[in-house]
Structure formats: structure tokens, C-alpha cells
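Presented below is the structure to which this report refers.
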Amino acid sequence: MPFDVVIVGGGPAGLSAALALGRARTSVLLCDAGPRRNATAEQVHNFVTRDGTPPDEFRRIAREQLAAYPSVDVRDAAVQSVAGEKGNFRVVIGADTVEARRILVCTGMLDELPAIEGLPELWGHAVFQCPYCHGWEAKDLAWGYLVRPEQGAHVLPFALRLRGWSRDVTLFTNGELELPEEERRRLRSAEIRIETLPVARLMARAHRLEAIELEGGTLVRCEALFVHPPQRQVSLVQALGLALDDDGYVQVDPMKRETSVPGVFAAGDLTTRMQSAIIAAAAGMHAAAALHVDLVLE
Ligand SMILES: Cc1cc2nc3c(=O)[nH]c(=O)nc-3n(C[C@H](O)[C@H](O)[C@H](O)COP(=O)(O)OP(=O)(O)OC[C@H]3O[C@@H](n4cnc5c(N)ncnc54)[C@H](O)[C@@H]3O)c2cc1C
């Protein structure tokens, strides 16, 4: 018997979709390959009822709740390929091939961390992408914001926002971004310092960031650093040939959450720059309802 839906990816989006589909008595196979975006984070924040829960615990609770629904099957395995068409997909998982009427892709995004000495080890501990997720725990510390040239118009609003959590904010252009004078003026008036030299390395002790060393040896006190690394899709998304928007996110119909490939739906980080666990979970629920209706109509 084919599964009604194979969900690829067991982060908040995939888990939430599996729950909604299981409760709708739809047969589901949820496949998860392992590392999620927040794997290194100590706690998940800003998810109402789960604020402060370690990521592994979040996933354990979700899977425990899925176990109550007999039509949901969960496998810790990577989906290697998807072939076929709407109503009749063949999904290769290790040595096994299963059939599915629909596919829901919830594979998240891959962050390409800057190759700055000391930075990758601190990702999720003292280097963060989102102040709503980790700002509270780091409030009133010395904060830094490392920008990339491509961020252009996003730099000023993000930097100004950080001042709500800390009075001590330094913006690092890493020698790569020339800020317009008007932006520099507004940053100065918010008492945000600007360091234009390239960053040589991050100095830390036991996962606690202490300072940023600039080229030439100057040390700038910094205890929490915000960065928005470039992101890319996993290879399966590329292999499926799903249409992407200009920023590289999977395009979906806003109501149905169906992608450019009929029968393939998508939810979570891979579809949007607006990334958080609860937003991904909501998108998973949305996709599940749309999929359910689509199956019922068929
Ligand atoms: C360091 C860090 C800390 C964060 N902290 C927070 C926080 O505190 N609060 C918050 O709201 N958000 C936080 N976020 C953002 C949040 O983690 C993401 O928005 C959320 O995890 C997105 O959920 P998702 O289900 O779309 O993708 P993910 O959680 O990334 O899950 C995708 C899953 O798909 C799997 N996968 C990929 N390819 C395949 C395949 N071929 N076969 C099977 N499985 C596959 C991956 O292994 C992964 O398990 C944080 C992000 C980072 C990077």
C-alpha cells in the first residue's frame, strides 16, 4: 500500500505536519536524517509552552505524541531520491523504496558559516542568528553584529533592533561593506559602534565568547555575536527541481503550500527567510491541512 504522504525532514515543520495528518487518519511516513538547524543550540526559545526546552527534548516529546497515532510511521533515515508523479511517487530510503501519493518536503536550510577562526564552534552557544531566540539570555552583555555585503538594506533595521537588548552593540563590517553616510549617522546616534577592519578571530573560553580580534590585533569586547550566514537548500530539493525565489527559498502556493512540482508540498525554513521553530511548525500544520484536502478531493 502506498503511503498517503511521505514527509522528508523531522524538524518542527515535519513533526507538526505528521501530527496533523496522523490525527486526520492519513497514512504518513516521516523520515528524518538527523541534524537540524538548531542542533547546537542549548535550548529552544520563543515556542510557547516549550520555551527553554533543549532541542533533543523538543523532538523526543513530539515523537512521543506522534506514537499515539497508528497511521504515522517514523524512520531515522535519509530520503535519497524521489521519482514519479503526483499520486504515484517512488521514494528511496536507504535500501528500501516506498510509494507515496504526495510528498511534503520539510528539509530546512543549511547554514554556511563564515570561515572565521573560532566562529563555527560557537554557533548556537554565543553566535546566533536571531535575537528573539537567544537575546533574552544574553541581555546586557556586549553584543556584536557581523554583516555581509549582500545584506545591504537589512543591516540598519537589524542593528537598531539589537539595542533593545543591550546598550553595548558593535557592528563589524569585516572590511567588506561600505555603509552609506546616512546609515552611519543613524547607527552613531543609537550609540552603535562601527568596526570596519576585517575580523581575524573570535576569542572564547568554554563556549563563552569574550572578544573579537581584528586584523592588526585590536581586541573588541564581545560576548554575543549575531550573524546571518548564507544558506543553501539540501541536495534533494535541488534534485527535485523545485522552483526557488530570488533568495533561494522554495516557492509555494500561499494557500495550498504546493511547490512548482505537482504533488510535492513544502513547509518550514526552506520556504522562507522568516525562520523560527514555531513558524515552521505552523507552516507544517498548514501544509498538512492543504494536503489532506487535496487527497480528499482526489
Ligand atoms: C543555532 C540556532 C538556534 C536556533 N534557536 C531557535 C530558537 O531558540 N527558537 C526558534 O524558534 N528557532 C530557533 N532557530 C531556528 C529554528 O531552528 C528553525 O527555524 C527550525 O528548526 C526550522 O524547522 P524546519 O522543520 O523547517 O527545519 P529543521 O529544524 O532544520 O529540520 C529539517 C530536518 O530535515 C532533515 N533532512 C534534511 N534532508 C533530509 C533528507 N534528504 N531525508 C531526511 N531528512 C532530511 C534534517 O536532518 C533536519 O532534521 C535556531 C536556529 C539556529 C541555527
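Order of listing sets the numbers, starting from 1, for every ligand and every atom in it. All residue numbers in this chain count up from 1 along the given sequence. All heavy atoms count here, side chains included; hydrogens, waters and symmetry mates do not.
- More than 12 heavy atoms of other shown residues, nucleotides or ligands fall within 6.0 angstrom of atom CZ in Arg60.
- At least one heavy atom of Val44 sits under 4.0 Å from some atom of ligand 1.
- The side-chain contact (heavy atoms from CB on, under 4.5 Å) test with Val237 is passed by exactly one of Thr259, Val264, Thr107: Thr107.
- Side chain of Asp73 to backbone of Leu29: no donor-acceptor contact under 3.5 angstrom is found.
- Within the 4.0 Å heavy-atom criterion, the part of Cys106 lying near ligand 1 is the backbone and not the side chain.
- The distance between the ring centers of Phe158 and Tyr145 falls below 6.0 angstrom.
- Remark: side-chain polar atoms of Glu191 are not paired, donor with acceptor, to backbone N or O of Arg188 under 3.5 angstrom.
- Residue nearest to atom 5 (N) of ligand 1, selected from Arg59, His134, Gln275: His134 (by heavy-atom distance).
- Distance from atom 38 (N) of ligand 1 to its nearest protein heavy atom, with residue and atom name: Thr107 CG2, 3.5 Å.
- Remark: ligand 1 and Ala13 share an N or O pair separated by less than 3.5 Å (distance only, no angle test).
- Looking only at protein heavy atoms, the nearest one to atom 35 (C) of ligand 1 is Asp32 OD1, 3.3 Å.
- Residue contacts with ligand 1 include Gln43, since one or more of its heavy atoms lies under 4.0 Å from the ligand.
- Of the protein's non-hydrogen atoms, the one nearest atom 34 (O) of ligand 1 is Gly9 CA, 3.2 Å.
- For atom 45 (C) of ligand 1, the closest non-hydrogen atom on the protein side is Ala33 CB, 3.6 Å.
- Residue contacts with ligand 1: His45 is placed with a nitrogen or oxygen under 3.5 Å of a nitrogen or oxygen of the ligand (distance criterion only).
- Nearest protein heavy-atom neighbour of atom 17 (O) of ligand 1: Asn38 CB, 3.3 Å.
- Residue Trp123 places a heavy atom under 4.0 Å from ligand 1.
- Using cut-offs of 30° and 60° on the angle between ring planes, the pair Phe128 and Phe226 is tilted.
- Side-chain atoms of Glu215 never come within 3.5 Å of backbone atoms of Val199 as a donor-acceptor pair (strictly under, hydrogens ignored).
- Judged by distance alone, the side chain of Trp143 and the main-chain N or O of Ala138 form a donor-acceptor pair under 3.5 Å.
- Within 6.0 Å of CZ on Arg186 lie no more than 12 heavy atoms contributed by other residues, nucleotides or ligands.
- Within a 6.0 Å radius of CZ in Arg193, more than 12 heavy atoms belonging to other residues, nucleotides or ligands are found.
- Within a 6.0 Å sphere centred on CD of Glu182, heavy atoms belonging to other residues, nucleotides or ligands number more than 12.
- In this structure, atom 41 (N) of ligand 1 lies nearest to the protein heavy atom Val79 O, 3.0 Å.
- Under a 4.0 angstrom heavy-atom cut-off, Pro55 registers as lying outside contact with ligand 1.
- In summary, the atoms of ligand 1 found under 4.0 Å from a heavy atom of Ala77, numbered by their order in the structure, are 43 (C).
- Distances between N or O atoms of Ser276 and those of ligand 1 include at least one value under 3.5 Å.
- Here the protein heavy atom with the shortest distance to atom 18 (C) of ligand 1 is Asp269 OD2, 3.1 Å.
- Ranking the protein heavy atoms by distance from atom 40 (C) of ligand 1 puts Val8 CG1, 3.6 Å first.
- Every atom of ligand 1 is numbered from 1 in the order shown, and the set under 4.0 Å from a heavy atom of Gly124 is 1 (C).
- Atom CZ of Arg163 has more than 12 neighbouring heavy atoms from other residues, nucleotides or ligands inside a 6.0 Å radius.
- Looking at Ala277, Pro12, Ala41, it is Pro12 that brings a heavy atom closest to atom 21 (O) of ligand 1.
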